[in-house]
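Heads up, the thing below is written out as structure tokens.
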Amino acid sequence: PTSGSIERCGKVASVLDIGMGFHPELSGKENIFLSGALLGFTKKEILKILPEIIEFSGIAEFINTPVKHYSSGMYVRLAFSVVAHVDADILLFDEVLSIGDLEFQQKVIQKILSFQGKTIIMASHNISEISKLCNKVIYLQNGHLQSFGDTEDVLNLYISDSASPLKKCIDSNSDFQEILRKDFEKSESGNRIYLKSFFVQPSGGQIGDPLFTNQQIEFGIEFEKHDNHSILDIGILFSHLTGLFMVSHIMQSNIVCEKITATGNYIVKAQIEANLFNDTIIHVGLSFSEDNKTILLHENDLLTFRINKISEQNYADYTTRFPKFQGPLKPKLSWKVNFSN
């Protein structure tokens with residue numbers, strides 16, 4: 001850095017580079033003591049937690065081998081293990097969620113979740129894990145702050161800026177812009193169908209009305225069919241951040257297949273029951289296939305919208321005492337209680 005300042009309160013420990021502070025000629029065990037000393041901890045303090053560090057790293061059989069013979073993954077396993085077990089107040093991690101194999105990555109996540117009363121700052125491109133672990137996110141681009149705020153809002157902006165078709169729809173002066181209706185040019189839909197529009201609205205409401213977790217949501221699809229012998233299968237694709245988590249098909253609903261074989265104009269509507277989604281941002285795509293074998297159209301992220309917390313005052317007061325629940329779904333469950341003494 002060429003300018004700026006940092007204020008901190010408490011001890012800081014970090015994993016910001018592979019093997020930072022390690023000496024290649026020293027063994028893994030010796031480097032634990034060296035790394036601990038650089039972090040400001042005494043030999044007595046390191047001895048107390050040494051067995052835990054070695055066990056967590058998963059490289060006990062190589063702990064007396066000079067680290068110049070370690071792979072990059074072994075380097076970072078050991079470096080993270082040291083930092084994760086010293087009693088620091090502020091932890092800085094750089095891409096620790098990509099360390100080692102899947103088993104060790106899960107250990108890292110569980111270790112991070114076990115920290116109590118610590119401030120954790122981590123740089124990562126692992127969107128799914130950031131959404132699971134973090135309650136605030138800073139989005140940087142070329143060293144400049146793009147956004148800072150709640151995890152979900154910032155990650156959606158990051159995804160949109162990176163690769164999503166929604167990028168062109170994001171207003172540069174706004175972190176989020178809803179797309180509630182998509183109209184199609186005739187050339188976009190192929191020869192057998194002409195897809196006219198795709199929209200979302202609250203059941204009984206209008207396009208543009210706010211959507212809430214406790215109300216039904218309705219999707220509408222307008223199209224024109226150009227033949228009378230093929231059967232159309234229509235799919236609505238729901239995704240949250242980068243993960244596809246639900247697919248809904250007309251063929252699996254109560255619509256009789258024969259009703260969508262004739263040539264003509266159609267308006268098809270699908271409803272999602274209330275109390276399925278969390279208060280979150282949802283991306284929705286659309287697919288058309290013919291006779292359940294030939295794909296005519298498949299597009300992700302055609303619509304994007306926010307589902308808001310329900311507006312009842314009592315429920316709002318109740319939820320203010322709890323942190324925001326992460327994830328796209330929060331269904332209302334039906335409970336039965338059997339009591340015996």
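None of the values given here were measured: they were computed from a predicted structure. Because only heavy atoms are used, hydrogens play no part in the values below, and waters and symmetry mates are left out as well, while side chains stay in. Along the sequence shown, the residues carry numbers beginning at 1.
Scanning all heavy atoms of the two residues, the minimum distance from I217 to F277 falls at CD1-CD1, 4.2 Å. A pairwise comparison of heavy atoms in D209 and P202 identifies CB-CG, 3.6 Å as the closest pair.
Within the hydrophobic cluster formed by Ile, Leu, Val, Met, Phe, Trp and Tyr side chains joined at under 4.5 Å, directly or through other members, I267 stands alone, with no partner residue. Residue L38 belongs to a hydrophobic cluster whose other members are L26, L34, with links defined by side-chain heavy atoms closer than 4.5 Å. Side-chain contacts under 4.5 Å among hydrophobic residues (ILVMFWY), followed directly or transitively, place I6 with no other residue at all.
Annotation: side chain to side chain contact (heavy atoms under 4.5 Å, CB included) contacts of I295 (sequence neighbours excluded): H298. Checked against side-chain hydrogen bond (donor to acceptor under 3.5 Å, both in side chains), K68 has the following partners two or more places apart in sequence or in another chain: E25. For the side-chain hydrogen bond (donor to acceptor under 3.5 Å, both in side chains) test, residues two or more places apart in sequence or in another chain that qualify with T42 are E45. Residues that satisfy the side-chain hydrogen bond (donor to acceptor under 3.5 Å, both in side chains) test with Q215, not counting sequence neighbours, are absent from this structure. Judged as a side chain to side chain contact (heavy atoms under 4.5 Å, CB included), and not counting sequence neighbours, the contacts of N265 are K196, E224. For K29, the side chain to side chain contact (heavy atoms under 4.5 Å, CB included) partners are S27, F33, L50, I63, N64, not counting sequence neighbours. For the side-chain hydrogen bond (donor to acceptor under 3.5 Å, both in side chains) test, residues two or more places apart in sequence or in another chain that qualify with H125 are E95. P210 meets the side chain to side chain contact (heavy atoms under 4.5 Å, CB included) test with F212, N308; sequence neighbours excluded.
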Could you tabulate the donor-acceptor pairs under 3.5 Å formed by side-chain atoms of residues 79-90, not counting sequence neighbours?
residue, atom, partner, partner atom, Å
S81, OG, S57, N, 3.4
S81, OG, R77, O, 2.7
H85, ND1, S81, O, 2.8
D89, OD2, K11, N, 2.8

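Results of the side-chain contact (heavy atoms from CB on, under 4.5 Å) test with V200 over L303, I272, T304 single out L303 as the only residue that passes.
Side-chain polar atoms of Q201 and Q206 form no donor-acceptor pair below 3.5 angstrom.
The shortest side-chain heavy-atom distance between I236 and V284 falls under the 4.5 Å cut-off.
Salt-bridge formation is not detected for the pair K136/D153: no Lys NZ or Arg NE/NH1/NH2 atom is positioned less than 4.0 Å from an Asp or Glu carboxylate oxygen.
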